[in-house]
There are 2 protein chains.
Amino acid sequence: MQMKATVPITTAQLRSACSQCNLLELCLPFGMDEQEIQRLDELVGTRRKVKRQQPLYRAGDPFEAIYAIRVGWFKTDVVLEDGREQVTGFQMTGEMLGLDGISTETHSCNAIALEDSEVCVISYSRLEELSREFEGLQHQFHKVMSREIVRDHGVMMLLGSMRAEERLAAFLLNLSQRFTARGFSGVDFHLRMTRDEIGSYLGLKLETVSRAFSRFQEEGMVEVQQKHVRLVDLPQLRKLIQHPVGR
Amino acid sequence: MQMKATVPITTAQLRSACSQCNLLELCLPFGMDEQEIQRLDELVGTRRKVKRQQPLYRAGDPFEAIYAIRVGWFKTDVVLEDGREQVTGFQMTGEMLGLDGISTETHSCNAIALEDSEVCVISYSRLEELSREFEGLQHQFHKVMSREIVRDHGVMMLLGSMRAEERLAAFLLNLSQRFTARGFSGVDFHLRMTRDEIGSYLGLKLETVSRAFSRFQEEGMVEVQQKHVRLVDLPQLRKLIQHPVGR
DNA sequence: ACCCGTGTTTGACGTGCGTCAACGTAGCCT
DNA sequence: AGGCTACGTTGACGCACGTCAAACACGGGT
């Protein structure tokens with residue numbers, strides 16, 4: 001059902017492969033020297049465009065590659081037999097998708113584009129080969145996986161121990177930091193996901209998310225208009241997380 | 001503060017290093033051939049005993065090694081500035097600890113022994129070296145990391161979308177399966193962790209955990225006596241997860 | 001054998017978030 | 001421009017789980 005819009009790479013496009021890519025410091029080749037990165041261009045054989053709402057992969061799909069997001073946004077989610085959905089993450093430019101597939105050679109979650117997006121397809125077997133050759137690549141890849149584990153622990157903290165408004169504050173601050181790291185405004189941005197998706201990620205209902213936004217607005221911490229968000233008072237948001245209730 | 005009970009390996013002990021270890025199929029060397037595994041014995045330079053309630057490592061400790069549990073139980077947890085603690089996992093024999101440290105070269109969580117335990121210390125730099133040499137080791141290591149990511153997604157599902165009794169049922173079934181995989185009884189076992197720790201892991205208060213246990217007992221699904229648990233009706237427990245409330 | 005500290009159970013009550021429902025808003029199609 | 005559809009907001013109310021408190025169970029140390 002899913003359109004595999006896999007395009008073979010042309011000579012022209014190859015110039016913008018890893019060695020020419022401006023995502024370098026966010027992506028796999030970080031820490032490798034120039035020469036090594038040249039060799040890396042072998043790694044990304046193809047690109048793939050994914051239209052909004054379309055899956056990059058689905059739970060159950062055989063695992064063959066991991067993906068680096070070039071442009072766009074994705075969500076990953078897990079679905080229970082009874083239909084309950086849990087969003088496990090939102091991924092943006094320079095972030096990696098598909099690591100869940102390595103363990104069973106089958107993807108265990110869905111990756112859905114939140115807007116028209118494009119990814120680099122990184123053959124996993126090729127990646128293993130090359131990372132046996134290049135220490136820097138190996139190390140960076142391990143770091144990427146480890147970072148995902150650490151991130152997951154943060155989400156557990158959020159889901160297990162924080163209250164609704166703390167969760168939303170943490171979520172907004174996390175987005176802020178990731179936008180900043182990419183050279184975008186960290187205080188003024190556009191949400192790619194719905195209230196329902198945010199709610200699923202944060203373990204809340206969409207109404208609760210909406211109400212929390214409204215309260216932040218009342219308190220003068222945030223200006224919200226639908227999907228557009230302005231963080232007016234970052235310190236206050238940070239304080240909210242560290243000093244939960246009234247204390 | 002923490003006692004580094006690191007013991008240099010003796011010739012006698014070496015015989016029970018990887019090549020002689022009965023955890024083979026659970027641990028890193030899985031999938032490697034005999035010859036390769038012999039070489040692996042270089043990997044585990046030391047063992048380390050950790051007493052009950054003592055840390056194997058703490059958040060902030062420099063990362064140098066990962067650990068394979070030989071005997072015993074651990075919990076990992078993350079602590080917020082304001083003191084709130086989130087247990088992120090319980091690890092038993094044959095499972096790996098320390099993967100969180102790779103990303104920043106500093107551990108990001110605490111690993112505490114739940115009973116007197118012993119781990120194999122696997123030098124991380126040595127592991128990277130050897131896994132550049134041995135494809136099987138490399139692949140297995142990647143699988144271990146990926147498995148952790150998939151597990152984490154399961155916990156997010158649990159914390160974000162399930163109700164108290166479902167969470168506890170899922171937790172018990174997960175323990176059951178892991179005991180079974182190790183040749184122990186999957187229906188009759190001893191919990192190493194307190195209600196408080198279970199609650200932290202499941203995003204519940206200890207009283208709620210205790211009440212859920214009591215309800216399971218009333219319903220005839222489980223027999224509980226303090227830390228001793230007997231799963232009397234596995235199918236019913238499974239049903240509880242798939243068909244949450246009354247539906 | 002006793003005490004003491006830690007962990008567990010159970011009850012009564014409170015509350016944060018979920019549920020249900022109505023209405024508002026924005027973008028898209030004709 | 002109008003109407004459809006998906007998404008977002010807000011209010012009233014209910015309930016699952018948290019909070020607080022008291023009593024009980026167990027194991028380790030003297």
Side-chain angles (χ1 to χ4, degrees), chain A residues 51-53 73 75 84-87 112 114-116 158-169 171-172 190-219 222-229 240 244-247, chain B residues 51-53 73 75 84-87 112 114-116 158-169 171-172 190-219 222-229 240 244-247:
Chain A
K51 283 246 163 254
R52 186 177 135 85
Q53 303 289 24
W73 275 84
K75 69 169 176 183
R84 277 180 291 182
E85 174 192 336
Q86 175 70 32
V87 171
I112 314 283
L114 294 176
E115 60 183 27
D116 293 357
L158 195 137
L159 291 170
S161 309
M162 293 168 90
R163 335 169 93 265
E165 292 187 9
E166 297 176 67
R167 295 185 201 186
L168 186 61
F171 173 69
L172 291 173
H190 182 80
L191 299 172
R192 272 44 175 210
M193 62 295 282
T194 67
R195 299 287 188 267
D196 195 34
E197 287 163 335
I198 297 173
S200 172
Y201 180 62
L202 299 179
L204 302 168
K205 292 293 152 179
L206 62 106
E207 295 93 331
T208 305
V209 174
S210 179
R211 275 187 253 268
F213 267 125
S214 300
R215 271 215 72 221
F216 286 175
Q217 178 137 290
E218 284 167 32
E219 311 269 308
V222 171
E223 285 167 22
V224 199
Q225 209 160 18
Q226 307 286 125
K227 292 208 152 75
H228 183 251
V229 173
L240 200 79
V245 215
R247 281 195 310 136
Chain B
K51 283 247 163 253
R52 186 177 135 85
Q53 303 288 26
W73 275 84
K75 70 169 176 183
R84 277 180 290 183
E85 174 191 338
Q86 175 70 33
V87 170
I112 313 282
L114 295 176
E115 60 184 26
D116 293 358
L158 196 134
L159 291 171
S161 308
M162 293 168 90
R163 335 171 89 264
E165 293 188 9
E166 298 174 66
R167 294 185 202 186
L168 185 62
F171 172 69
L172 291 174
H190 183 80
L191 299 173
R192 274 37 179 216
M193 62 294 283
T194 66
R195 299 287 188 267
D196 194 33
E197 287 163 335
I198 297 173
S200 172
Y201 180 62
L202 299 179
L204 303 168
K205 292 292 153 181
L206 70 155
E207 294 94 331
T208 305
V209 174
S210 178
R211 275 187 252 269
F213 267 125
S214 298
R215 271 215 71 222
F216 286 175
Q217 178 136 288
E218 285 167 31
E219 311 268 309
V222 172
E223 284 167 22
V224 199
Q225 208 161 17
Q226 306 286 124
K227 292 211 151 77
H228 183 253
V229 173
L240 199 78
V245 214
R247 282 195 308 137

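Chain identifiers are assigned alphabetically (A, B, ...) following the order of the sequence lines, protein sequences preceding nucleic acid strands; residue numbering begins at 1 within each chain. These values consider heavy atoms only, across backbone and side chains, with no hydrogens, waters or symmetry-generated copies.
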Identify whether the distance between the nearest side-chain nitrogen and carboxylate oxygen of [X] and [Y] falls below 4.0 Å.
X       : Y       : value
R52(B)  : D116(B) : no
R211(B) : E165(B) : no
E85(A)  : K75(A)  : yes

Distance in angstrom units between [X] [atom1] and [N] [atom2], rounded:
X       : N       : atom1 : atom2 : result
E165(A) : dG16(C) : CD    : P     : 10 Å
M162(A) : dC17(D) : CE    : P     : 21 Å
R215(A) : dT9(D)  : CZ    : P     : 16 Å
D196(A) : dT9(D)  : CG    : C1'   : 14 Å
I198(A) : dA6(D)  : CD1   : P     : 19 Å
E197(A) : dA6(D)  : CD    : P     : 14 Å
L168(B) : dA16(D) : CG    : P     : 17 Å
R195(A) : dT25(C) : CZ    : C1'   : 12 Å

Checking contacts here: which listed nucleotide ([options]) is nearest the side-chain heavy atoms of [X]?
X       : options                  : value
S210(B) : dT8(C), dC17(C), dC17(D) : dT8(C)
T194(B) : dC17(C), dG18(D), dG7(C) : dG7(C)
L206(B) : dT9(D), dT8(C), dA16(D)  : dT8(C)

Short side-chain N/O contact to dG7(C) OP1/OP2 from K227(B), under 4.0 Å: no

Side-chain N or O of K205(B) closer than 4.0 Å to phosphate OP1/OP2 of dT19(D): yes

Under 4.0 Å, heavy atoms only, any strand: does G199(A) hit a base, just the sugar-phosphate, or nothing? nothing

Let me have a per-nucleotide readout for nucleotides 22-30 of chain D, 5' to 3', with B, S or -, counting only protein heavy atoms under 4.0 Å. ---------

Is a donor-acceptor pair below 3.5 Å formed from side chain R211(A) to base dG11(D), judging by atom type as modelled? yes

Donor-acceptor pair under 3.5 Å, E207(B) side chain vs dC17(D) base: no

Run the salt bridge (charged side-chain N to carboxylate O under 4.0 Å, His left out) test against E207(A) and tell me which residues pass, sequence neighbours left out. none

All salt bridge (charged side-chain N to carboxylate O under 4.0 Å, His left out) counterparts of D196(B), not counting sequence neighbours: none

Taking side chain as C-beta onward, heavy atoms only, is E223(A) less than 4.5 Å from H228(A)? no

Test item: M193(B) and W73(B) side chains (from C-beta on) under 4.5 Å apart, heavy atoms: yes

